[in-house]
Amino acid sequence: MRLYLLLAGARLRGQTQYRVSFALQVASSFTSTFVELLALLILFRTFSSLGGWSVGEVAFLYGLASVSFALAELFGEGLEQASRMIREGEFDRVLTRPVAPLLQVLAADIQPRRIGRLAQGILALALAGRWTTIDWTPLKAALFIGAIASTAVVFLTVFLIGAAICFWTIESSEFQNIFTYGGTELASNPLQIYSRWLQGIFLYIVPLGLTTFYPAAHILAKPDPFGLPPFTPFLAPLVAALFLGLGLLIWGLGLRQYQSTGS
Amino acid sequence: MPLVHVEHLQKRFRVAERGGGPLGALRRVISREGRGVREVAAVEDISFAIGRGEMVAYVGPNGAGKSTTIKMLTGILVPSGGSVVVDGLIPWRQRTMLAARIGVVFGQRTQLWWDLPLIESLRLLRHIYKVPEGRYREKLARLTDLLDLGPFLDRPVRQLSLGQRMRGDLAASLLHDPKILYLDEPTIGLDVVAKERIRTFLLDLNRREGVTVLLTTHDMADISRLCERMLIIDHGKLLYDGGVGAIAERYGGERRLVVDLAEDVAAPAVPGARLERREGTRLWLSFRREEIGAPALIAALTARYAIRDLTLEEPDIEAVVRRIYEEGLP
Ligand SMILES: Nc1ncnc2c1ncn2[C@@H]1O[C@H](COP(=O)(O)OP(=O)(O)OP(=O)(O)O)[C@@H](O)[C@H]1O
Ligand SMILES: [Mg+2]
């Protein structure tokens, strides 16, 4: 952990040497993601509800997914970099050091401008708070925190698998984009509005549905459209941990496939 | 027990022919031998052992498999066949444990943080390798002195000259007192003065601290100055393992003069030199230091032919390997 902070800190210091204006970048990240939230609000001027969810409820779900994704992006930037490092052979250096490669990769980059998206997610949650009446209990609060952490872990794992696939083939960015950007999109809306096929993927393969939709539905006291057992919302951390385990396994296998480069 | 032990080492690379879009990529991930995957043998069959305290040159022409071997010795690559043991460990399996005992410098690629001052990189490496503070200070002072890092310790690495950066990289690879140091072309692109400084440093390191060194280079002078033993490889196979002296004496003393004639000559010949190659009016003449000096050769040439241009080339390892093929080993 100390080493992570040291390495990430070094990276930040390195960045500030180029940085024009940190505030400007945060602002631009905020506005570009804010457009998404705006689109959602405009949608609700025409439709009063989406799959039985009101604007406030959807904003809640959207905020939850957004905050989690922002956290994953904030800490997972290094994984995006890893694809490039693997492709260009820079990963050699990671493998000659007596520290777990994953730790080095995570610490290799951190992008504070990502707090733009975080701010936007928090704004969505604040709006949701005004437009809905949630009767908070300690259990619901814990579920809320757990859902955010679990969703962030699922997104991070998607980044991790995306990077690991580079050990086999250099063309993995497509996969990542489908599941991360596609995933935020899906995780931000009530799951029942999507086709069965997509529902299946996001419940059982990349389990974002289980870490966002189910906890949110429970907190908002919405009915479960799929008739899964009543404890399903509380499975989020377990599901995230299992998915992470799968990601780590693929990463470990990938390390042995690493080919480096010829020059 | 030798420090490095390599037996029938092999490495084949999969090279994918591209195309097919994202689904094609996925298909290639799933079915390994799917259409368009070729295998390239970079290392075919190499065996050698290196004892503690040795300084060995690992040489061969471009693409011979030198870097690939070093990557297997450090655990970066998993061998496709054969065995490799370094200091009692299997590199790819016990990579993290081994990493603390070895130092690696890839001349083409720095391990320093590009945007940070050199001293910061060294400080980070101290934490990565868990070097105790006191030991680090001592080591840093010594390396700063020997490699003359003082003038640029506080400069960002991206501003350093190649020679300065290489010295920084050497220091970085030695902070944790590795038992063995792998150097992949540590003198590449450096001028004569910078090369000599690095050579002196390496000699001292090996003699005084007993660090085992395996180095690859294309520079015959590096080899004859630093090593007593050399391994020559080509096409992934070992050609020679033995003393540097015998090879350097027989092939290394040979220099080359590239001559551009002003006009075509039917059968150019100069006593004391061997016509190695010829393309139109350009001639490659090889000659031995003991038989004829460069000035005498040039004088003899100008006396016979009209000459447009001349270049003198010092012997390189490619020439040595070529001659081993032509004439066999001594
Ligand atoms: N990652 C890789 N993928 C595919 N082929 C590779 C890879 N690395 C090396 N090769 C091939 O393996 C062969 C040996 O390469 P290697 O880098 O080991 O040579 P080398 O002896 O270090 O050469 P040089 O003197 O040019 O550095 C070359 O034909 C090279 O093209
Ligand atoms: Mg090489």
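Residue numbers begin at 1 in each chain, while the letters A, B, ... track the order of the sequences.
Neither the backbone nor the side chain of B:Leu98 has a heavy atom closer than 4.5 Å to any heavy atom of chain A. Only the side chain of B:Glu120 has a heavy atom closer than 4.5 Å to any heavy atom of chain A. The contact between A:Leu3 and chain B is made entirely by side chain atoms (from C-beta outward), counting heavy-atom distances below 4.5 Å. Proximity to chain A (any heavy atom under 4.5 Å) is shown, for B:Ser121, by neither the backbone nor the side chain.
Residues meeting the ring-ring contact (aromatic ring centres under 6.0 Å, His included) test with B:Tyr129, sequence neighbours left out: B:His176. With sequence neighbours excluded, the residues satisfying ring-ring contact (aromatic ring centres under 6.0 Å, His included) with B:Tyr58 are B:Phe48.
The local environment of CZ in A:Phe226 is crowded, with over 12 non-hydrogen atoms from other residues, nucleotides or ligands closer than 6.0 Å. Counting non-hydrogen atoms of other residues, nucleotides and ligands closer than 6.0 Å to NZ of B:Lys237 gives a total of 12 or fewer.
Closest approach of B:Arg95 and A:Leu255 over heavy atoms only: NH2-CD1, 4.1 Å. Between A:Gln259 and B:Phe13, the shortest heavy-atom contact is OE1-CD2, 2.9 Å.
The OG atom of A:Ser260 sits 9.5 Å away from atom NZ of B:Lys11, with the distance rounded to the nearest 0.5 Å.
For residues 66-81 of chain A, an interface with chain B (any heavy-atom pair closer than 4.5 Å) does not exist. Residues of residues 89-102 of chain A lying under 4.5 angstrom from chain B, judged on non-hydrogen atoms, are A:Gly89, A:Glu90, A:Asp92, A:Arg93, A:Leu95, A:Thr96, A:Arg97, A:Pro98, A:Val99, A:Pro101 in numerical order.
Listed options B:Arg109, B:His127, B:Gln108, B:Arg101 were ranked by heavy-atom pairs under 4.5 angstrom with chain A; first place goes to B:Arg109.
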